[in-house]
Structures are given as structure tokens and as C-alpha cells.
Amino acid sequence: MGKAGGDSRSLINEQGLRIDGRKIDELRPVKIEVGILRNADGSAYIEFGKNKIMAAVYGPKEVHPKHSALPDKALLRCRYHMSPFSTEERKNPAPSRREIEISKVMREALEPALMLEDYPRTAIDVFVEVLQSDGGSRCAGISAASVALADAGINMRDLVAACAAGKVAGQVVVDVDDIEDKEGQADLPIAIMPSSNQVTLLQLDGQLNDEEFNKAFNFAVQGCKQVYQLQREALIGKYFGRSEVPEGGQ
Amino acid sequence: MGKAGGDSRSLINEQGLRIDGRKIDELRPVKIEVGILRNADGSAYIEFGKNKIMAAVYGPKEVHPKHSALPDKALLRCRYHMSPFSTEERKNPAPSRREIEISKVMREALEPALMLEDYPRTAIDVFVEVLQSDGGSRCAGISAASVALADAGINMRDLVAACAAGKVAGQVVVDVDDIEDKEGQADLPIAIMPSSNQVTLLQLDGQLNDEEFNKAFNFAVQGCKQVYQLQREALIGKYFGRSEVPEGGQ
Amino acid sequence: MGKAGGDSRSLINEQGLRIDGRKIDELRPVKIEVGILRNADGSAYIEFGKNKIMAAVYGPKEVHPKHSALPDKALLRCRYHMSPFSTEERKNPAPSRREIEISKVMREALEPALMLEDYPRTAIDVFVEVLQSDGGSRCAGISAASVALADAGINMRDLVAACAAGKVAGQVVVDVDDIEDKEGQADLPIAIMPSSNQVTLLQLDGQLNDEEFNKAFNFAVQGCKQVYQLQREALIGKYFGRSEVPEGGQ
Amino acid sequence: MSAVKKTIVVEQLKRAQMNELLVKGKRLDGRGLLDRRDLTVVTNVIEKAEGSARVTLGNTEVIAGVKVNMGTPFPDTPDKGLLVVSAEVLPLASPYAEPGPPDERTIELARVTDRGVRESGMIDVSKLVLVPGKHVYAVFVDVSILNVDGNLFDAVSAATVAAILSTRIPKYEVPAEGGAPVKTDQKMPLPVQTIPVAVTMAKIGEHLIVDPTSEEEAVMDTRITFVSDDRGNICAGQKGLPGSLTLDQVIFAARTAKLKGEEARLILKQGVGSV
Amino acid sequence: MSAVKKTIVVEQLKRAQMNELLVKGKRLDGRGLLDRRDLTVVTNVIEKAEGSARVTLGNTEVIAGVKVNMGTPFPDTPDKGLLVVSAEVLPLASPYAEPGPPDERTIELARVTDRGVRESGMIDVSKLVLVPGKHVYAVFVDVSILNVDGNLFDAVSAATVAAILSTRIPKYEVPAEGGAPVKTDQKMPLPVQTIPVAVTMAKIGEHLIVDPTSEEEAVMDTRITFVSDDRGNICAGQKGLPGSLTLDQVIFAARTAKLKGEEARLILKQGVGSV
Amino acid sequence: MSAVKKTIVVEQLKRAQMNELLVKGKRLDGRGLLDRRDLTVVTNVIEKAEGSARVTLGNTEVIAGVKVNMGTPFPDTPDKGLLVVSAEVLPLASPYAEPGPPDERTIELARVTDRGVRESGMIDVSKLVLVPGKHVYAVFVDVSILNVDGNLFDAVSAATVAAILSTRIPKYEVPAEGGAPVKTDQKMPLPVQTIPVAVTMAKIGEHLIVDPTSEEEAVMDTRITFVSDDRGNICAGQKGLPGSLTLDQVIFAARTAKLKGEEARLILKQGVGSV
């Protein structure tokens, strides 16, 4: 956020178009692929604007050490990590405080959609690797991870779809990219379970008044729903495209 | 210690008074409170000069991992830690080598007074947090920790009372404060079990000849005895002040 | 390696002698002592040029944690470490990536000669400490470690002897020292089991064409065989010199 | 029945009991659903620090200290001072706290507190610059949790804000001939522009309750925090823990946070003024 | 029979089966003993990096990225730029990979790759100097392993080399009046002198096989890697794992590495050119 | 009877046996209560180091090396050189030593050794300054323990002191035109003012014994170390381990340390001179 300063007026032009030509309620181009990694039990690749992110799922599997297993459900673990070459300046490969926080909220955003109670005493690992980062990498990562969990055949209540809205040049917009994030006034990433309209991730950086908050929240929800369609298409593409009918759950 | 240089003459004036007006055998003002933390099994707060220190005790409790439990007595663990804002320059919160050493000698100073054999296969944790530091924080911390152990009802042979003596401007004095420690010639912190006159902590930095050593040691012992009175008063104040009679031991 | 630049011509003079007066196929002076550490189950000290290295063996012994024990053989562990004062510039005592790699290849160079299958569910620890380093410390360390393993009475198929060859001033030479390593064009450290001519360590830094590679490899093998003689003499010196006949194996 | 299973059963019983009360608009300690516990604020408790505050929120107790150095700005913000907020749950604060580097929960706590201060623009960091690109004030806020009884987010935020409000930093001056700034005897407050306040709600069943205790946190489904400034803006937010919220609950939480934040802001102002 | 014993028995059976095939000059996947799996190379896959490459070697898949900064040279090599090669086996690459700092195997992998690039003189580091002793280009190559199916050494080496070949770095210029170099809009390739290629062989029983799969690595006795340049030199070597080689096997492996390296070098050149 | 209980019983038997001897003024190895074991000192054992010493104290064996760099003084002592003493119990020194960062016992050992050197004023650090506040000599003493058989404190202290006494550092000169000091070919000793000696006693039952072996340390109740200089001062002290001492025992220990220190100082001087 650069609320304090930054000549952010030019971020939206007189035609109401954003720097990359998008309308205020338009997502960046999104591409989702399913099952791209051989070894993983489930995997997905997402391009979301300039974000290039891989997600892989291993599990359900044995827990080590055993005493950290849960008696009534699977232990969900999650790592969000940025490759050293994913950013403008080389990123130290050791996990930053930011990555640790995002790993936590990502796990908590995914968990409500998973029927972990079906897999007691096991672990499910979700690994999200940001190969190239742009604004909104945590949302893109959650969306990819949810597809990878479906690909792994983990029993789910719903997919989790994520998208941010924000405030740029005084206007509420959906899906904030890198420049808009740095120069803009607010970023509101959320994740929802689209079938039940339940919010599983919400963070906010930057200033929004009541009206702006409501509008941004609504924009983000609509963004999530568009992402959800793309997630479904990707999964259907993989399973039905190859004329295989996926079994419900595992 | 700044033995080598430092114009330390002004640390004691012509009337034999120290920078803060104390006589050479006079302690700084001391305040001890008992039972100040809700969650801890025992706790104490001490102000010793400008030192502001909290001590808390948890236990006897289960040991993790189990194989580190002792078959014949409780495992005593101790952490001495300085808050980042406790010092002139901000202190890195990671434990320094100094804090690791003090944690060790503090544990060893407290252990002789505790009837650990009454609690086999358990652990007793002592946490000492220096919120504001002045000279003598290890002594003040030990004195507070001993009161917290009593407050936790751990069976004890005696309290442990600690106090330093030192050499300042060529003279032996009791209870060295921060400036005297930096500008002075020696610091001799000790801890004793006052009922039996047993020494449980002794460290020395700086130069003392035989005579000075004997005098400083005697000053420190006398200082410990004064601290002991204040420890007893604080404990009596808590238990009898509220007209509750403390049971011996736990 | 300083292949790219470096006026390396002066490293071999017109008489074909090297900076320290050696011929191209001549080793530096080597001294090996056996059983120099009291507490270790086996130990050796080697001086190899300016290298001064101690090796110690503890084991076979119990493994902690137990689940890391191997059911069919001993677990061989190895640490190669340089003392902070062993190098030109003080070395940070924490293990560097270089030390971690050398510890690994050293363990893998020693293992083929050991009858680890005779000691299932145990651990054998090999510690190599470089007190003073010169070129070829990994080779000298392996040679010393092998003697220490024999001194510990571990059942062995053969000793492991190590020596490097290299390319200096355009010529292939045996046993590269520190200056030759820094100014020279290639370094090829190897270890062999001399009785069976089996290669158990091989590394190469720097450029060698086919002919040079073959010649250097042959030089290094010959160097290993000379080291082997010295290893045997040291062991015989210890056991027979004291008119004790060593039992085969333990 | 194993200890673990017993724990699960006990937890379920507790949840049921709490839900029964919540339906009637009540809580175990008698509060209404949107009532905060008593908040007390005392500042300047650590004389050696440039600013400090001790805050209690019910039985939750924290202390914050501010230290200020000269520092070098980040290359991409040469005209801004530095602000670093850190937190530690001291091992004396709870039977479950352990010594060691902060875990993910404490990192989240510190980062959300940091964002509340930073995104609200509480401190005008552009006024903490002495030589752009070279010498700026670096403000370190360290918060130590002394006793844990729920809702660390609001307690840590309040202590951070109060400590910042109480801070008097040494004024530095750049010598006429250039070079490193020199400390003077003068003191000045930090350039404060607004007072952000965090309000955290727990969701238990379908109920949102303000300022949960440890007991309530043990059974909560999820947690949501909003930080608001005194100009009508929400400036930071964080949903934590597994569990989810309806769209309406999010909107309700944001509105409630602003409302309840007003009350707390008054107490903060009084606490600082009272010193 | 315990799980561990069962594993040992299974491994022995597999070894026996593989040996039977190897005697006939065949492998489980139909390859001859000295055949490499398919190698594919795509460069410029990460636009934000100065260079990048994605490489597959059979089912082994890795990605390498190059970032370039200004840096300070080492005191003993004031006239040389900096080159740092790092590798990480991402936890998504295999059920056995774990997050955390690199273990000894990954450190070995990165260091051998680094030596191949460094000792071959692939990059003329003397041309990466702007102000000797003060300002040099620092080239960071980071390789992430995405999927593990054996022979990481050759895959990581190929990705590293391809990423370096594809790199375009911003040109810096030293201001006439001196001081720190300034980034310009111009781009330039790295000063490449040769293309080193790593070829790894596994020894199973008495057979040496090129480019082992994970399945083959599970039963191999030892492993040997040689890196050769395009001027007929071997420039790095590494024997890994317990186990040993005869003198003749070492000579054979060195010769084979040069031969097989030629093929791979062509694919690398095409892969880079194809972008 | 469990292994642990058996250990306790064995220890009690050993204590009883040792006490019986001590009452008669004897020890297991035949020494009197206040007798030190043989101390040998050889210096200049590591030619690459600026100073070094190998010391044996009975079967305890340690080696110390001194390295000297240019460094920057601490801001609050701009006119003093730097001195850092570190210690490591090498894993080859004992079956109980483990590789890894130093534990609390090794940190205590290094810090007490450091205090002995520092507080005695052994090195006149004010003479290690080239440009006040900017360039000073930094003296690193690293001590590696090679074999453990009790009383590491005295052995490490002796090796540290002997290594310092044997040190010859390169002389640096500040160029007339200013700037960083330049190394010259001249060598100079460290500015030594006194020779501190540590003497450690173990308390077993009511007896104080000088220079305990590992066997004696296994049953000792507590340990006390005093360091004295050659001007009649005690300059560092440390009681270690649980257990306690009477007031008289403390006074006795201090006096004994000075007495026994005299003997050891002679051996140290001879050891250094002998090279």
C-alpha cells in the first residue's frame, strides 16, 4: 500500500480503464491446469496475471512424529513459498515472516472445505510454490491449492475460490495487480466456498470507509465466483476431457 | 567493569555517599510483590533500584519429552530473559550468551533450596523476565524467583536471597547499580540460603585483593540477609495480610 | 583453482622442481600417529605437508534416536570440521557448505571398506578435526580416519588411502599443496582401497583433457599406495612396536 | 476412554453449554455478546524506554516498549522512517507458552498489529527522515504478553498504540557541515495522525462475540479482527483460524469493529493522558 | 517379518531382476545402458528473472532462474564477478522431500553444479567487473526441483546452463565522476565461453548406466558424475554414495561423459535457440 | 532394577568410596586434596595461527589458537581493541560430546575464561587501537577441547593464556594520507600486563579438592573457580552446578586459588619460554 503518497491518479485513465487496460470489475487473464506433477497425489498450476504458481498435495499419509496426529481428523499442513527468482529482487529462500503468516491463513482458508474427519490420524500436505509473483499471489495460490486437493481426491464440501478487491486511484476495483498493490490505497483478499457463500479467508491492508468496504467486499466475492468457474472448468477438462468420470470424493 | 580507565573517583563523594546518595553499605530501594500473575502457579514482581523484574513458576508438571524426566527428582528448568525495551539500546530478543549463562547459574543457585526429591518425574519451570534492567538484575531475578517458588508451594529448605557487593572508586560497597557496575572496579554477586549461610551463587568480575575480597564477600552476605527480610515480609504480607495461613510446603 | 588467470609458470622451475622442492611425482612429508586420544575408541593424528589433522572413532555404540538405527548394519556418521584457527583468515566455527559436502563424501569413501554388517543396529561415529589446513586436507583426513577405524577395531575389508593429483603450470603432479591448489589448473582428490584397487572417493575441480586426466588419475592412485604404506607402518608401529599382536578385526 | 477422546467430549459439552447461553444473549462471565471486558491502560511504566504502556483486558495483560534509533531507510522508500512491531508470548504468560522464536500465531499477531499501525497512517513516517536515503528514525515497538486470557490481538494493539502515544524521542540534528545526525537533549513526540483500534470477534456456532476469553477461544470456530481509525475508515482486517463466516457476518463484524473501537479509543486517550 | 526386513527383501529382489536385464544390455524402461532419457529445454519461462529455463529429463523436472545484482567482490578476487548456484528440492517434488534448509545431498548437488559452471570457465567472470575491488555483477542461479525421478545432477546442471545462456542482464555504467554504477536500459548477455554438460552414471552390480531413474537409483551401488566442456576437457567430477568403482570404470566413465555430453550439448543449444 | 536406578546406586557407592578416601586426605589417583595433576604447555603448535598452545592437564587435553584481524571497535569503547574468547568441546573429545552449537556448559566455560583474561587486564586493549572509533585489532582466541578428563576450566584458561603469550601479530600502519590501516611485515607481541591463572575446586561432601578428574566431577556437589593475577588480585570467580558452599569454604577457595595459581603460572611461563 502506498496510501500516504504516490501519484496514483494515473492508475485509472479517463475511460475508466486500468493500467493494463482492464475495467474496474475485470479479472486478469487466468489459466488453470490440473495434475501437472507426476509424483504428487494431486497438483495444479495457475497463471493469474503474471503470477505463475504450482500447488501439490501429498496425502492422506502417515504422520511423523506420531504424537502430532489428530485422533478425529487429518492434520492439514500448508507451505506457501516464493522461489528466489520469483520477485524483482532475489528473495532469500528461507521462509520470511510474511510467508509464514500466509501459510497459516492459507491453511485456515482451505480447511473449512475439506472433510478432514474422513481421514483421522493422517496428514495432508499442501505445498504452494510461487514461481513468479504478481499482486494477489496468496489468492491465486489458494485457488490452485483447492484444485490440487480435488485432484488428490480429498473429500470436499466445496472448492475454495479466492480473489482480492482493492482501492486504486480512489476507486474500488477487483483483482489488484502488483503495481496497483504498491501504488494503491487498499487491498482486500478474500476466499469463499462459493456454493454456500462462506468466507474462509479475509485480510485487509489499507483504508476503506463503510461504503468502499461494502463495495470492495462485494467485488471480491464476485471475483471469487468467476475464479470458481475456471476451477470447475479445469477439473472437468481434466477428468471429462479424457472421458473419465471422477468419483465423488476419493 | 571499567577498571582500566574511567574517572571513577566521583562515584563516591567526600561525605562517603554514592551517586544516588546511598551509604557504602546501603541497598537501593526494594519492593517485592507476590502472586501478580494469574496463570502462573507462583509468581513475584521485584523492583530493585531501577530493575523491574517478573518471575513465574509453572509446575510441578509433566515432562515433555518423557525421557528427559528424572526418576528421583523434579527437573528444574530456568530462563532468564531481558525484554527488548529493558536496556539502553534495544536488545535483540533472541537469547544472548550472557542470558544463557545467567539462566544456568540462576538455576543452580535456586536448586539447593528446593526439595526436588519430593516431585520425581516432573518438571518445574522458572521464568524470569527483566522488564527494565539496572545493575544486579541477576541477583534481583534470583530473589524474585525464590519468592515465586514459595508462592507456587514448592517444598523448600529455605529461601534463596541474592545481592552483590563490589568495588567502586577504590572502596568496597554493597549492591552495585548500573553506573557503578560500568565505572567500578569489581562486582561480586552472590546468593545464599540465609538460614544455613550456604552460598549457592557466586560470580566475580574485576580485581579484588584478599582484604577487599573478604570485605566485599561479607558485605554481599549482609545484603542478602536484608533481601531475605524483604522476601519474608512480602510472603507474609500476601498470606497473612489476607488472614490466610500458608501451609508449610505445598 | 585459478585456471583463468594467475602467473602459474613459476610453480615449477626449470629443473622440474616444485615450489617446495618436490618432484612432480613426490608426496609432501607425511607423519601418522595412532591412538593419540584417550577417550576415543580409536584415533589417529596425521601431518601431511602443513595439514595437522586428528581423527577419532566412537563406536559401535547405541543409536539415538532409536528409529534411525539400521536393522542390517551399523549407521556410519562422519563429521569433517576445520578449527577456527586452522586457516589464513579465522574460520567461523559453524559448519560451512563445503564442510557438509566433504563430511558426506568422506563417509561414502570410508564405508565401502567397513564391514558394517557385523554391527547391526549400532552407530559408528568418525570425527575429523583439521587443526591446521593445507591443500589436500580431505585426503589426509580420510587417510587418518581409516587408521582411526582400524585402531578402534572395526572389522575392515581394507584400509582406505587417499591422495590427490592435479595440474600445475601445465604439468600433471601428485599431491597438490595449498599454493598449487590456488594457483594451479586442476585438483583430482581420490581415495582407494589399495588391495582391490577400488576407488571410493573421486572429485575433480578444474580442466583436464583425456591424456591429462588419465595421467593425473594414475598419479593419484600411486600417491594413495604410498600413503597406504605409511598407514600400515603406523598401525604396525603401534601394535607390534609395543610387541602386541593385533587381532584381526575386533 | 483415552485422554484425547475425553478432551474432545469435554470440549463438546462446553460448546453446547456456551451455545445455550449465547442463544439467550449471555456469556459465561455475564457479559453481553458485544461487550468488551474492562480495559486499563497505564503508560510510561518502563523509564528506560522512549515510550511504554501496560494494558490489561480482563485477565489478559501485556506490556509494550518503544525504542528509537537512527537507521537507514529501505532503498525503495528513502523518504520514510522505519517502524517495526514485534511480539512475544512470554513463557510466564501461560502454561502453554514455550520459550523460543515466535511461532506462526505470534508472527500473525505481530504482523496484524503492525498493519493496523502502518495502514492507518498512525505515524507520519515521512516526518521521521533526517537525510533522505541515509538517516531516518527507526521505531521499534516490542510487545511482551505477560498473562494470556484471550484476545491477544486487541490487547497487543492497544498496548502498541498507547506506547506510541506516550513516546518521547530524542531529537537528532544534522550538522551544518553534513555527516551523521547528532543526538540533542531535546525530546519530541512521534508525529501521530490517528489512533487505530483493533476489535476482535469470535464466532461460536452462529454467534459473533466481542473480546473472547481463553475459555471462549477454546471453542470458537473462527476469529475476525478489524482495525479502524478515528476518521471512519477500516484500515486492517484479518480472519484467523479454520472456520468460516457468512457474507453478512463479515459486514456486521466490520460495522461492529468501528462502533466498539470508538469506546476503546476513549479509554486509550484517557490512559495516555492520565500519566 | 517386520516392515523393514520386508523392504530389504523387496530391494534384493529388485536388484536381482535389474541385474538380469543389465546382463542382457537392457533396462526396465527399455533403454540401453548408455542411453539418456528424453531431455527437453525451454527458456525464458520466468519473465521477472534475468534468465530462466525449465528442463525435463524423463519425469525429472526442474526450473532454474537467474537474478543479477550489483555486489562487492571477495577481497582475494577483486577483479572477478560473483557467481552463486543454489538448489532446493521443493517439497512438492517428491513424497520424501521435506521443507527446510538444504540437506547434505542438496548441498552436494548445488556445489557440484556450481563447480561445473565455475571450473569450466563457462562465464568469464573477469568481464563482470565495473570497478575492481568495489563493484561487480553478482549472478545468482537458483534451481528448484519440481519433480524427482532420478538423476537430479544432470537435470539441475542442464537447467543452470540453459538459464545462464538465456540471461540478459541490465547494463550498468560507472558515472564519469565516479561513485556507484548506475543501471541503464540496455541489456547484455552474460560473457559465456563454453557450455559445460554433466553426465551421471549409476553403478549397479558391475554395470555402469547413464542417466538413472529413481527406481534405478534405489538399488545403485554408487554414482559418478563428470562435467565436460566443448573444448575436450573434463572440468568437474564427483563420485557419490557408498560403493566403489574399479580404476577402469573411472576411466570409462570419464570417456563416456564426454561422448554423451556432446549429444546433450546440442539439445541445450537448440532449447535456448528455440525461444 | 531399572538401568537408571542402577546408575543411581552405583553413583552412591562411588561417592561413599570417595568420601572414605577424602576423609583420609587421599584421592583415587593418589593425589592429595589440593594437588593439581601434571600440567604441560607447548606453544606455537599451529604455524598458521598468530599464536597457539597445546595444554594437557592429566588426561585433559586442549588446544588454543589466536587469530588477529582488523576490526571496528564497539561504539561505547572507541579506544579499545576487541577480544573474543570462544570454546568448543570437539566431538572427538568424549563419548558424551555432540557436534553442534555450544551448549550452556560450553558457553559458561568460554565466558568464565574470557572474564579471567579480560578482568585481569591481561591484554592492554587500549594499545590495540590504530584509529580510535574506526580501526582496532580484533583478537580471536578459539579453544578446542581434544580430550575430556575433568577440569576443563583450568585447562582452557591455561591454553588461552599460553596462546596469547605466544602470539605475534602483524603490525599495521595507518597511511599518512589516512584511510584503512595497511599490514606491514613487522610482527609484535600482544601488550600483555599480567598472567591470570584459573584454579578450580570441586566440593565432594565437605571436602574441597583442587583440579577434579571426570570421575570426581561425576560425584561432586558443586564447583568453584577463582582466577588470580600476578599482582595478588582475584579477578574472576564462578560457582557452578547445584550444590552450595559455606562462607568459610568460599574464603578458603579464594585463598587456595591464589596459592595454587602461583605454581601453575610458573609452568605457563616455562612452557611459553621453552618454544
Side-chain angles (χ1 to χ4, degrees), chain A residues 1-5 67 69-72 76 88-89 95-105 107-114 116 157-158 160 182 185-193 196-214 216-218 220-221, chain D residues 2-5 7-8 75-77 79-80 86 102-112 114-116 118-121 124-126 193-194 196 221-229 231-251 253-255 258:
Chain A
M1 300 301 95
K3 312 122 274 95
H67 66 78
L70 304 175
D72 57 338
L76 182 66
E88 285 304 328
E89 297 294 312
S96 65
R97 288 165 60 95
R98 178 181 169 276
E99 284 168 295
I100 291 169
E101 186 198 348
I102 293 183
S103 296
K104 178 181 187 289
V105 295
R107 186 184 71 231
E108 295 167 347
L110 294 167
E111 178 157 346
L114 302 177
L116 297 181
R157 296 184 175 79
D158 198 353
V160 175
K182 287 209 180 75
Q185 293 115 347
D187 185 28
L188 174 69
I190 72 164
I192 65 171
M193 293 188 286
S196 55
N197 271 340
Q198 289 279 326
V199 178
T200 68
L201 172 101
L202 183 145
Q203 297 187 288
L204 168 63
D205 288 4
Q207 299 175 12
L208 294 173
N209 65 27
D210 280 357
E211 194 189 337
E212 290 164 344
F213 178 80
N214 291 356
F217 184 55
N218 188 43
V221 169
Chain D
S2 80
V4 174
K5 275 195 192 144
T7 308
I8 294 171
D76 53 339
T77 53
D79 54 351
K80 287 181 182 168
S86 308
D103 63 7
E104 60 169 26
R105 286 174 302 172
T106 311
I107 287 173
E108 184 191 24
L109 174 61
R111 282 178 57 84
V112 171
D114 180 289
R115 285 204 289 269
R118 192 179 302 277
E119 299 296 337
S120 69
D124 184 351
V125 286
S126 70
Q193 306 186 119
T194 185
D221 298 293
T222 196
R223 188 195 69 221
I224 190 157
T225 302
F226 281 108
V227 183
S228 54
D229 65 17
R231 295 171 296 200
N233 293 314
I234 296 170
C235 41
Q238 182 91 343
K239 177 245 168 191
L241 300 192
S244 60
L245 296 151
T246 65
L247 305 185
D248 288 345
Q249 283 170 334
V250 169
I251 300 293
R255 204 173 53 220
K258 278 182 57 180

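None of these values were measured; they are calculated from a predicted model. Just so it is clear: chains get the letters A, B, ... in the order the sequence lines come, proteins before strands, and each one is counted from 1.
- Heavy-atom pairs under 4.5 Å with chain D peak, among A:Val105, A:Ile100, A:Asp210, A:Leu201, at A:Asp210.
- At a threshold of 4.0 Å, the pair A:Glu101-D:Arg111 counts as salt-bridged, since one of the basic side-chain nitrogens sits closer than that to a carboxylate oxygen.
- Using modelled atom types, no side-chain atom of A:Lys104 and backbone atom of D:Arg105 make a donor-acceptor pair closer than 3.5 Å.
- The closest donor-acceptor contact from the side chain of A:Glu108 to the backbone of D:Gly243 lies at 3.5 Å or more, if one exists at all.
- Using a 4.5 Å cut-off between heavy atoms, A:Arg98 contacts chain D through both its backbone and its side chain.
- Residue A:Glu99 holds its CD atom at 11.0 Å from CD1 of D:Ile107, rounded to the nearest 0.5 Å.
- Separation of atoms CG (A:Leu204) and CD1 (D:Ile234) is listed at 7.0 Å; rounding is to 0.5 Å.
- Both the backbone and the side chain of A:Leu208 have a heavy atom closer than 4.5 Å to some heavy atom of chain D.
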For the pair A:Phe213 and D:Asn233, evaluate side chain to side chain contact (heavy atoms under 4.5 Å, CB included) and give the outcome as yes or no after the intermediate values. CA-CA 9 Å; A:Phe213 178 80; D:Asn233 293 314; over 6 Å; no
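- Summarising the geometry of D:Ile224 relative to A:Leu202, their closest heavy-atom pair is CD1-CD2, 4.3 Å, with the distance given to 0.1 Å.
- A:Lys182 has no carboxylate O lying under 4.0 Å from a charged side-chain N of D:Asp76, or vice versa, which leaves the two without a salt bridge.
- None of A:Val221, A:Asn218, A:Ile190 except one satisfies the side-chain contact (heavy atoms from CB on, under 4.5 Å) rule with D:Leu247; the exception is A:Val221.
- Looking only at heavy-atom pairs under 4.5 Å with chain A, the residue among D:Arg231, D:Gln238, D:Arg255 that has the most is D:Gln238.
- Minimum interatomic distance between A:Gln198 and D:Ser244 (heavy atoms only, all atoms of both residues): OE1-OG, 2.6 Å.
- Proximity to chain D is limited to the side chain of A:Glu111, based on heavy atoms less than 4.5 angstrom apart.
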